[in-house]
There are 2 protein chains.
Amino acid sequence: MSEGVEWGLHSCVLLGWLSPEAVAGRRLAEYHELPPAYLNKQLQALVRAGIVTSVSGPKGGFQLARRPDRITLLDVVVAIEGTEKAFRCTEIRQQGRNVLSPEHYRQPCSIAVAMRKAELAWRRELAAQTVAEMMASVQRHSPDTPERVRRWFDTERS
Amino acid sequence: MSEGVEWGLHSCVLLGWLSPEAVAGRRLAEYHELPPAYLNKQLQALVRAGIVTSVSGPKGGFQLARRPDRITLLDVVVAIEGTEKAFRCTEIRQQGRNVLSPEHYRQPCSIAVAMRKAELAWRRELAAQTVAEMMASVQRHSPDTPERVRRWFDTERS
DNA sequence: GTAACTGTACTCGGATATTCCATGTCCGAGTAGGGTTGG
DNA sequence: CCAACCCTACTCGGACATGGAATATCCGAGTACAGTTAC
């Protein structure tokens, strides 16, 4: 899985705390010391997916498009990784010299079904967790984090 | 995910029906019209994982190392894809200029925990399904498949 | 006739090219704010 | 003094290089069988 997913999730948590301020991608990159242009690319994917909105120009930047409790981890993963399923069945059972009439392959490939079942369980778990819960979990471990983040983004100018 | 997983799973099902015969990788490749050398590479991974055994020479080939109901889909996936987790946390929360003392990061990263939780659900589903169940599922849809496969591997000589 | 030997044909196993996607970077499109100029 | 305009500086957005892993292939190591030869 692309590491852009990790960056996107952490960025969403930061944006959640800084809401409703618009934050420049450059500053988000500085916070974690990430390549600014590449992080920008990932944020663009979030924009296309409607998770965050962007405004150009000075005072511009990114902000969450909706409340953090309405953004699931699955939303972010799909936005960056794409909608392609991890296991894609190429129907090799219908290739080769021992192939039957297409009627015999009406039933979907059993292996594909099994793999898809596991993948759905994965997606279900991701869809059950929201960005808001990530924020709450972090705050539970170190309660002063939101305030510390806000202060850094307000004051530090480098 | 690598397509070698699909090849490996289908090969295991075939080997399950042809057990206890040893089948040459060349013949397995012919059955699905796959690149013989590359399929061989995937089968080697299954050998290293102890899922199938291999014997060289004429009359040699591959065969299942244990009963099909003792081989889970997770076994095959891990054997080919490797043990690396899909989401790997690079601890970017500890990078950057706003970093605290290492004590504050005793608690594991909340995002990594959430992603790992989803991945464990995926693995659990895969571990709950065996090659034997794949064989049973196929046979339920088209009962003559095992016999047809055995006949092809016995007679066809191309 | 039999047994040992040797050669051959067939298999797996790991080292070696090639293609494609994730990674990383760059420049153009767009906008807010301030400075300037004319009334 | 005020308002309209323009210019600059800063942002996002998509097009353009680069590297490493998945894909694909080839040749060497190992083995069973058959044919041959010596006894």
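Source: prediction; values computed, not measured. Keep in mind that the numbers below use all heavy atoms, side chains included, and drop hydrogens, waters and symmetry copies.
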Notebook entry, point to check: Taking side chain as C-beta onward, heavy atoms only, is A:V5 less than 4.5 Å from A:E81?
Noted result: yes
Check: To the nearest angstrom, how far is B:M1 atom CE from D:dA21 atom P?
Finding: 18 Å
Check: Among the nucleotides C:dG30, D:dG14, C:dT11, which one has an atom lying closest to any side-chain atom of B:A24?
Finding: C:dT11
Margin query: Determine whether the aromatic ring centres of residues B:W17 and B:F153 are separated by less than 6.0 angstrom.
Written below: no
Next item on the list: Would you indicate which nucleotide in D:dC12, D:dA24, D:dT25 comes nearest to any side-chain atom of A:S54?
Entry: D:dC12
Next item on the list: Give the nucleotide from the list D:dT25, D:dG30, C:dT25 with an atom nearest to the side chain of B:P58.
Entry: D:dG30
Check: Taking atom C1' of D:dA22 as reference, at what distance in whole Å does atom CD1 of B:I80 sit?
Finding: 13 Å
Next item on the list: Starting at atom CD of B:E3, determine the distance to atom P of D:dA21, rounded to an integer number of angstrom.
Entry: 18 Å
Checklist line | Proximity to the side chain of B:S56 - top-ranked nucleotide from C:dC12, C:dA9, C:dT25 | finding: C:dC12
Next item on the list: Please report, rounded to the nearest Å, how far the P atom of C:dA22 is from the CD atom of A:E84.
Entry: 10 Å
Notebook entry, point to check: Would you say C:dG14 has OP1 or OP2 under 4.0 Å from some side-chain N or O of B:R48?
Noted result: yes
Check: Distance check: side-chain N/O of B:Y38 vs OP1/OP2 of D:dT25, anything under 4.0 Å?
Finding: no
Note to self: What is the separation between atom CG on B:N40 and atom P on C:dT16, rounded to the nearest whole Å?
What the structure shows: 18 Å
Item checked: Given D:dC33, D:dT23, C:dG24, the nucleotide with the shortest approach to the side chain of B:K59 -> D:dC33
Check: Between A:R151 and A:E147, is there a salt bridge with N-O shorter than 4.0 Å?
Finding: yes
Margin query: I want to check something: taking the side chain as every heavy atom from C-beta on, are A:R116 and A:V113 in contact at a cut-off of under 4.5 Å?
Written below: no
Check: Nearest-Å distance, CG (B:L43) to C1' (C:dT11)?
Finding: 13 Å
Item checked: Nearest-nucleotide comparison on DNA chain D, the residue closer to the 5′ end among B:G57 and B:E81 -> B:E81
Check: A:K41 has a side chain; which of D:dT23, D:dG13, D:dA15 sits nearest to it?
Finding: D:dA15
Note to self: Tell me the interatomic distance from A:F62, atom CZ, to D:dC10, atom P, rounded to whole angstroms.
What the structure shows: 17 Å
Notebook entry, point to check: Taking atom C1' of D:dT11 as reference, at what distance in whole Å does atom CD of A:E21 sit?
Noted result: 15 Å
Next item on the list: Measure from the side chain of B:Q44, starting at C-beta and using heavy atoms only, and say which of C:dC12, C:dA22, C:dG14 lies closest.
Entry: C:dG14
Notebook entry, point to check: Is any NZ, NE, NH1 or NH2 atom of the basic residue among A:E30 and A:R27 found under 4.0 Å from an Asp or Glu carboxylate oxygen of the other?
Noted result: yes
